[in-house]
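Input: a single structure, listed below in structure tokens.
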Amino acid sequence: MRSIFTVTDIRPLASGVFAITFDAPELARAATPGQFVHIKCGHSRPLRRPFGICDVRGDMLTVAFEVRGDGTRWLAVSEPGRRVDINGPLGHGFSNPDGDILLVGGGLGAAPLLFAARRARGRVSAILGFRSDANAILREEFDSVCEDVFVATEDGSSGLRGTVVPPLEELMKTKRFSAVLACGPRPMLRAVADISESAGVKCEISLEERMGCGVGACLVCVCETQSDDVTKMSRVCRDGPVFDSREVVR
Ligand SMILES: Cc1cc2nc3c(=O)[nH]c(=O)nc-3n(C[C@H](O)[C@H](O)[C@H](O)COP(=O)(O)OP(=O)(O)OC[C@H]3O[C@@H](n4cnc5c(N)ncnc54)[C@H](O)[C@@H]3O)c2cc1C
Ligand code: FES
């Protein structure tokens, strides 16, 4: 569904990272965790920009974004009242498994996992990895919806020093999860998938690719996937962005 929605709030989460909220009842009603919205960032720009849905509260839908180029610079100077053209919710999200789940997010990849935590059916633990304390986002929000939250920073300025891998290995030994849901950089996703699969736990990963149309027509976003030993090209925008980790060719 494509429509015009009004910005109600924009706030900084870290340097160059913002959470922007839209009054978007239709999107909020239809959205499920792991899906994304495609935002027209500027009236003269033909291409939309994809952002994972970070949170839904009532009629309000929030995305968290980092300023990278022209589109996100345009979005960052939004003020309440700005009207923005959004298409969504798009893509195939997380499966919302029964039982206790573990979320693993790296950097901005933490954002769509907040929505997954809010909608989870069982208890939720989260491991969030950031470069440093200054880059850490959404900690209070995760604390309010998760049973346990472990933060790891590469420079040790907050939480555990290092990546998400050591706390993930530890939790896999001490707790039982029905699934691991992960979003973040590719090397982190590979490690999370390897560790979860070795422990016999289902793992769902959210992929990011450059996108064009966002609806399956242009094939800009294809990635290699496999099932039953057959390899094929899948569209991240339509078949994903969330895939079972065993399907994604690493
Ligand atoms: C399914 C999906 C969900 C996403 N969710 C989020 C989110 O929740 N928050 C967020 O901040 N970003 C997210 N992104 C990335 C976001 O779409 C890009 O950062 C944004 O499109 C950049 O637009 P721009 O016009 O500012 O930058 P551009 O001028 O288009 O690019 C600036 C720089 O960013 C790089 N870049 C642009 N798009 C991508 C991409 N898809 N993957 C990797 N590098 C890219 C470019 O190579 C360039 O170096 C998501 C992308 C996808 C595909
Ligand atoms: S972005 Fe066009 S097919 Fe995925």
Any non-hydrogen side-chain atom of [X] less than 4.5 Å from a side-chain atom of [Y]?
| X | Y | value |
| --- | --- | --- |
| K232 | T225 | yes |
| F51 | L75 | yes |
| V192 | C203 | yes |
| L219 | R235 | yes |
| S234 | E247 | no |
| K202 | S95 | yes |
| H38 | V215 | no |

Pairing residues for A134 by the side chain to side chain contact (heavy atoms under 4.5 Å, CB included) criterion, not counting sequence neighbours:
S132
Salt-bridge criterion met for R49 and D70 (N-O under 4.0 Å)
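Salt bridge flag = no for D70 with R49.
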Return yes if a side-chain donor-acceptor contact under 3.5 Å exists between R68 and T72, otherwise no.
no
Do [X] and [Y] share a hydrophobic cluster, counting only Ile, Leu, Val, Met, Phe, Trp and Tyr and linking them when any side-chain heavy atoms are less than 4.5 Å apart?
| X | Y | result |
| --- | --- | --- |
| V242 | M211 | no |
| F94 | V145 | yes |
| F36 | I205 | yes |
| M60 | F65 | no |
| L138 | F150 | no |

Table please: side-chain donor-acceptor pairs of residues 18-27 below 3.5 Å, with sequence neighbours left out.
| residue | atom | partner | partner atom | Å |
| --- | --- | --- | --- | --- |
| T21 | OG1 | T62 | OG1 | 2.7 |

Please name all residues satisfying salt bridge (Lys or Arg N to Asp or Glu O under 4.0 Å) with D98, sequence neighbours left out, ordered by chain then number.
R121
Sorted by chain and residue number, the salt bridge (Lys or Arg N to Asp or Glu O under 4.0 Å) partners of R176 (sequence neighbours excluded) come out as none
Can you establish whether the number of heavy atoms outside K175 located under 6.0 Å from its atom NZ is more than 12?
yes
Is the count of non-hydrogen atoms from other residues, nucleotides or ligands lying under 6.0 Å from R190 atom CZ greater than 12?
yes
Strictly distance-based, threshold 3.5 Å: is any side-chain N or O of R238 a donor or acceptor partner for the main-chain N or O of G91?
no
Would the distance check show the side chain of T153 and the main-chain N or O of S158 forming a donor-acceptor pair, the cut-off being under 3.5 Å?
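It does hold such a pair.
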Within this structure, what is the OG-CD1 distance for the pair S245 and I195, rounded to the nearest 0.5 Å?
11.5 Å
For residues 100-108, which side-chain donor-acceptor pairs fall under 3.5 Å, sequence neighbours excluded?
| residue | atom | partner | partner atom | Å |
| --- | --- | --- | --- | --- |
| D100 | OD1 | R123 | N | 3.0 |
| D100 | OD2 | R123 | NE | 3.2 |
| D100 | OD2 | R123 | NH2 | 2.9 |

Side-chain polar contacts of residues 180-187 - donor-acceptor pairs under 3.5 angstrom, sequence neighbours left out - could you list them?
| residue | atom | partner | partner atom | Å |
| --- | --- | --- | --- | --- |
| R186 | NH2 | E209 | OE2 | 3.1 |

Hey, mind stepping through E224 and M233 against side-chain contact (heavy atoms from CB on, under 4.5 Å) and telling me if it holds?
CA-CA 5 Å; E224 239 184 328; M233 300 310 281; 3.7 Å; yes
